[in-house]
2 protein chains.
Amino acid sequence: MPDTPDTHTATGLYFELFNEIGILGQLSRALFEARLPEGLVLPHFTVINHLIRVQDGRTPLQLARAFQVPKTSMTHTLAGLEKRGFVTMRVNPDDARSKQVWLTDAGRRFRDTAIAGIAPDLAGIADTLDPAEVRAVIDKLATLRKRMDAARD
Amino acid sequence: MPDTPDTHTATGLYFELFNEIGILGQLSRALFEARLPEGLVLPHFTVINHLIRVQDGRTPLQLARAFQVPKTSMTHTLAGLEKRGFVTMRVNPDDARSKQVWLTDAGRRFRDTAIAGIAPDLAGIADTLDPAEVRAVIDKLATLRKRMDAARD
DNA sequence: ATTACTTAGTCCGATATCGAACCATAAATC
DNA sequence: GATTTATGGTTCGATATCGGACTAAGTAAT
């Protein structure tokens, strides 16, 4: 039995996959945060970016689910964004328990400059895999993500 | 311009990839931590697991690099493991600045029971992608990881 | 309409995470 | 071999993260 672990069993494979995912998550986090202004952290950017991709006006809970973080964490992240004037929160007219998160102009500008700052780094590694491969990996990961999401009950 | 973002540019693809990785990292973290004993968190398990896969006796810095976390974070994680008696740390005989991390029997038992506890969850999703696909994804991610690791100077 | 029950969000206390500064030892330069 | 310079780890202070308990508002059941 060599130093290779149980990479032959199905679960062993997933262990390895999640390990790789964890390390890459760590690397990308460091990469992004190095370019973000002092005091801002990856989730801040990610949330803003999401609000642009998918319309803003999302509720905090929707955002928490989108990123699979506890809602308390999202409260905290949104508080940081609001303090910096990147988003404003208004009560949801359809449901008084709920709120809606709206981007401000400053928030949009922040996103643009952040992307401009990070793009060069990404460009530097963008030739590692060819686009079709990246596309394929994304799709497979998305399939797995949806499955796990559903299995979470 | 539909709701699709710049998924056509190379950097846009990587944005999407890292986003997917972040969410999956979050999901797997939650999955694992739900099965770990109170007070233990994913990095605790991951470090122990790593020490088994690759021999123990690693130095804290080697571990920090393996997972791409700051060394201060690793200090903290190792302190937690030591407090629980899962590892012991001795000075590196070859370099007095350095230490070596050794697994205890309790540490090995912890790993075994943790794996036993988590395996069923993994088994439940292990049919999402067929093993060959998982293998391929791991390899592509590993390629990217190595590249980013190297680019980190 | 009153009484469960559920859902959205926050507050709180306990870690976890991380950058900056620091100490000790090692390696490199002169 | 004394003086830089680099390396391995810890300490410290500031946030981030998260589970548990709570409040307020909606929904369902009667």
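In what follows, chains are A, B, ... by sequence order, proteins preceding strands, each numbered from 1.
- Between B/Thr59 and A/Arg29, the one whose closest nucleotide on DNA chain D sits nearer the 5' end is B/Thr59.
- Across the protein-nucleic acid pair, A/Glu38 atom CD and D/dA14 atom P stand 13 Å apart, rounded to whole Å.
- Of the two residues near DNA chain C, A/Pro60 and B/Gly39, the one whose nearest nucleotide lies more 5' is A/Pro60.
- Contacts of A/Phe18 classified as ring pair (Phe, Tyr, Trp, His ring centres under 6.0 Å), with partners at least two apart in sequence or in another chain: none.
- Whole-Å rounding puts the B/Leu61 CG to D/dT10 P distance at 11 Å.
- If you check every strand for non-hydrogen atoms under 4.0 Å, B/Thr72 touches a base.
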**Q.** CA sep, side-chain torsions, deciding dist, call: A/Phe110, A/Leu36, side-chain contact (heavy atoms from CB on, under 4.5 Å)
**A.** CA-CA 9 Å; A/Phe110 159 65; A/Leu36 290 178; 4.1 Å; yes

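- For the side-chain hydrogen bond (donor to acceptor under 3.5 Å, both in side chains) test, no residue two or more places apart in sequence or in another chain qualifies with B/Thr46.
- Here B/Ser98 lies in heavy-atom contact (under 4.0 Å) with sugar-phosphate atoms only.
- With sequence neighbours left out, B/Phe32 forms a ring pair (Phe, Tyr, Trp, His ring centres under 6.0 Å) with A/Phe15, B/Phe45.
- What separates CD of B/Gln62 from C1' of D/dT7 is a distance of 13 Å, to the nearest Å.
- Residues A/Ser73 and B/Met74 each lie close to DNA chain D; by heavy-atom proximity, the contact nearer the 5' end of the strand is made by B/Met74.
- In this entry the distance linking CG of B/Asn92 with P of D/dG8 reads 11 Å, nearest Å.
- Residues that satisfy the side-chain hydrogen bond (donor to acceptor under 3.5 Å, both in side chains) test with B/Asp121, not counting sequence neighbours, are B/Arg35.
- Both A/Val134 and A/Ile115 are members of a single hydrophobic cluster when ILVMFWY side chains are connected at heavy-atom separations under 4.5 Å.
- Picking from D/dC18, D/dT17, D/dT10 the nucleotide with the shortest atom distance to the side chain of B/Gln26 gives D/dC18.
- Within 4.0 Å of B/Gly80, counting heavy atoms only, lies no atom of the nucleic acid at all.
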What protein N or O atoms touch nucleotides 23-27 of chain D N or O atoms at under 3.5 angstrom, if any, and at what distances?
| residue | atom | partner | partner atom | Å |
| --- | --- | --- | --- | --- |
| D/dG26 | OP1 | A/Ala96 | N | 2.8 |

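- Nucleotides of DNA chain C lying under 4.0 Å from heavy atoms of chain B occupy a range whose first and last members, 5' to 3', are C/dA16 to C/dA26.
- Nucleotide D/dA14 holds its C1' atom 14 Å from the NE2 atom of B/His76, rounded to whole Å.
- Note on A/Arg135 versus A/Asp139: salt bridge recorded, some NZ/NE/NH1/NH2 to OD/OE distance being below 4.0 Å.
- In this structure, A/Gln55 places its CD atom where only 12 or fewer heavy-atom neighbours from other residues, nucleotides or ligands lie under 6.0 Å away.
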Q. Going through the distances and angles, do A/His50 and A/Phe67 end up as a ring-ring contact (aromatic ring centres under 6.0 Å, His included)?
A. CA-CA 10 Å; A/His50 181 81; A/Phe67 299 110; 5.2 Å; yes

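- Comparing B/Lys71 and B/Leu40 along DNA chain C, the residue whose closest nucleotide (by nearest heavy atom) sits nearer the 5' end is B/Leu40.
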